Every structure is written in structure tokens, then in C-alpha cells.
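Comments concern the structure below.
Since we're looking at a predicted model, the values are computed, not measured. First listed ligand is number 1; within each ligand, the first listed atom is number 1.
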Amino acid sequence: AAALFANTALAGKRVVITAGPTREALDPVRYLSNHSSGKMGYALARAAVEAGARTTLVSGPVGLATPEHVERVDVISARDMLAACQERSASCDIFIACAAVADYRPAEIQDQKIKKGGEHSSLALVRNPDIVAAVAAGSPRPFTVGFAAETRDVLNYARDKLARKNLDMIVANDVAAEGLGFASDENEVTVIWREGEQALARAGKQTLARQIIQLIATHAGQPQ
Ligand code: CTP
Ligand code: CA
């Protein structure tokens, strides 16, 4: 089995990664969601396996094949994703939140298909739980990594999320940059931790995933 691993940076570690969008049901035929492709999370799962980790993907609905040697747990809504993560977070070493979780869900799910009415309509929404913050608040807690997709003030917003959610590391991503972001095969990020940061140049998501996993391995190995 040694040939399976490209490196041993995460040998014997358990890694849980969230990926893709969530879907928040409105009625039996409709939902709220976003354009997350899941590619970055799946690339991270592949890189974690290459580094020797026992790797689980908690995945929203995406059109991607399960990477080899990855355990995949399929979920739909943010609340499903939270439950799947809470079941696993106390027994993993590293948690990486790459999913684009819907911040809100419809206040009610209608049992029957909603019928149209007048010319205007509005929708009552309620906040979803914050999955990565819940994992970071656990005890014992894994080394916890978030992502921050921003369209402006990228590093400031990311640093704020690192502190507010009590994360160990955050990967800041400028989704307004041309040709980058959700559906793209390329990305360009800055990895930020408590005492430092490193910019990773624009590259394919798999290349970046390997670099991010190596940075996580370096910092997760240090006393927190
Ligand atoms: N996240 C999460 N659960 C949520 C919302 C976000 O686990 N309900 C995680 C994401 O997976 C990501 C990080 O939190 O790792 C940051 O997500 P982001 O949407 O950028 O941050 P929010 O706190 O939701 O702030 P906002 O959308 O207002 O910028
Ligand atoms: Ca959000």
C-alpha cells in the first residue's frame, strides 16, 4: 500500500472535508442553493489521501466522482451537513470546511408545491447553523480550517472569520478575480493562520490543494 501515498505528511491522520453546496428545500420540488462545484473540496480530499490520511468527504449535491480511497457521506441541507460533521469531528485530527453552506434556509418547508399568487412575493428565511464554528467550539476539537470566498477586502474579511469562528487556519479566495472561483478549474488563494500567512500563486485546483494540505500538515503538527 506504500505506493499509494505520494508523501507521508498526514500518515495515520483522520481528515474530514466538507465540499459542494447545500440545498435548502422550499417545497417538494424547489430549493435554494448556490453554484459551488465541489471541485476544491474534492481536490483537497485527493491530496489528503496522497499524503496518507484516512479521508472523509461530507458532500453536498455535486456532479463529481468520489476520489479513490475516500469515504463519502452525501448530505443535502446545511442541517444534514452539521449532523454528519458533528458525528465525526471529535474523532478526526483535521477538519477542513470547503463547502459553500447556504447561510439561510426557508423558514418553513411546504408539504405541497407552492402555488403562484399575485405579482409580488417574498420569502421568510432563517439562519442556518455555522458548521465550521460548531466544530471549532467542540472539545476535543480537530485542527480546524475554513475557507473564505470574498469579492472585496479579501484578507481583512478572512482574518475576521479566522478569529470569529476560532479557526486554526483560513484559506482566503478572491472570487471576483477574473476566471477564478466556483466553477473554475483554477484558483489563487492566501492561506492565513494565527501568526502568519502565505500567498499561493494562481494554479490548478489540484496543485493548490496539494500545497494547502502540506501547509495544514505543517501547522497541525505543531502544538496549538
Ligand atoms: N461555513 C460553515 N457553515 C455555515 C457557513 C459557512 O461551515 N453555515 C464555513 C464555510 O464552509 C467556510 C467558512 O465557514 O469554511 C466561511 O464561509 P463564508 O460563507 O465565507 O462565511 P460566513 O461566515 O457565512 O460569512 P458571509 O457569507 O457573511 O461572508
Ligand atoms: Ca456564507
Side-chain angles (χ1 to χ4, degrees), residues 15-25 31-45 48 56-62 73-90 92 94-107 125-138 141-177 180-182 187-194 197 200 205 208-209 212-213 215-216 219-220:
V15 176
V16 173
I17 302 169
T18 69
T22 65
R23 275 184 194 167
E24 310 299 330
Y31 56 83
L32 302 179
S33 191
N34 60 67
H35 289 296
S36 171
S37 67
K39 284 177 187 169
M40 195 66 223
Y42 278 58
L44 285 163
T56 300
L57 264 173
V58 176
S59 179
V62 296
V73 179
D74 284 312
V75 297
I76 306 284
S77 71
R79 288 188 294 176
D80 297 341
M81 187 174 274
L82 175 68
C85 291
Q86 283 187 318
E87 259 176 54
R88 292 163 178 85
S89 63
C92 73
I94 295 166
F95 181 84
I96 309 174
C98 197
V101 182
D103 291 325
Y104 293 90
R105 65 177 182 275
L125 301 174
V126 293
R127 278 277 287 271
N128 267 330
D130 191 310
I131 297 164
V132 75
V135 168
R141 74 195 278 283
F143 185 88
T144 307
V145 183
F147 272 70
E150 309 289 352
T151 55
R152 61 187 169 96
D153 260 347
V154 179
L155 297 185
N156 282 332
Y157 278 127
R159 281 193 200 96
D160 179 61
K161 283 174 187 169
L162 178 78
R164 202 158 30 85
K165 299 181 191 233
N166 194 31
L167 308 180
D168 298 298
M169 188 178 267
I170 194 155
V171 183
N173 185 186
D174 183 352
V175 289
L180 299 184
F182 272 7
N187 212 344
E188 179 186 317
V189 302
T190 301
V191 181
I192 304 170
W193 54 95
R194 295 289 172 144
E197 63 182 59
L200 302 179
K205 285 184 174 173
L208 280 174
I212 292 166
I213 288 293
L215 279 171
I216 290 171
H219 290 273

Q) Can you find an N or O of Lys161 that's nearer than 3.5 Å to an N or O of ligand 1? A) yes

Q: Would you mind telling me if ligand 1 is within reach of the side chain of Ile170, the backbone, both or neither, using heavy atoms under 4.0 Å?
A: neither

Q: Determine whether the side chains of Ser59 and Tyr42 contain a donor N or O and an acceptor N or O closer than 3.5 Å.
A: yes

Q | Ile170 vs Lys165 side-chain heavy atoms within contact, under 4.5 Å | A | no

Q. Where's the contact between Ala99 and ligand 1, heavy-atom distance under 4.0 Å: side chain, backbone, both or neither?
A. backbone

Q) Counting both backbone and side chain atoms, is some N or O of Glu150 under 3.5 Å from an N or O of ligand 1? A) no

Which donor-acceptor pairs under 3.5 Å do side chains of residues 98-105 form with protein atoms, sequence neighbours excluded?
from, atom 1, to, atom 2, distance (Å)
Arg105, NH1, Arg127, O, 3.3
Arg105, NH1, Asn128, OD1, 2.9

**Q.** Nearest non-hydrogen protein atom, atom 9 (C) of ligand 1
**A.** Val132 CG1, 3.7 Å

**Q.** ligand 1 contacted by Lys165 (non-hydrogen, < 4.0 Å)
**A.** yes

Q | Electrostatic pair Lys161:Asp130 at N-O distance under 4.0 angstrom | A | no

Q.
Geometry only, no angles: is Ile131 polar-contacting ligand 1 at N/O separations under 3.5 Å?
A. yes

Q: Can you list, by chain and residue number, the protein N, O or S atoms under 3.0 Å from the Ca ion (ligand 2)?
A: Asp103 OD1, Asp103 OD2

Q. What do you reckon, does Gly146 have a nitrogen or oxygen under 3.5 Å from a nitrogen or oxygen of ligand 1?
A. no

Q: Report yes if Phe147 has an N/O atom closer than 3.5 Å to an N/O atom of ligand 1; otherwise report no.
A: yes

Q) Would you say Ala100 touches ligand 1, if touching means a heavy atom closer than 4.0 Å? A) no

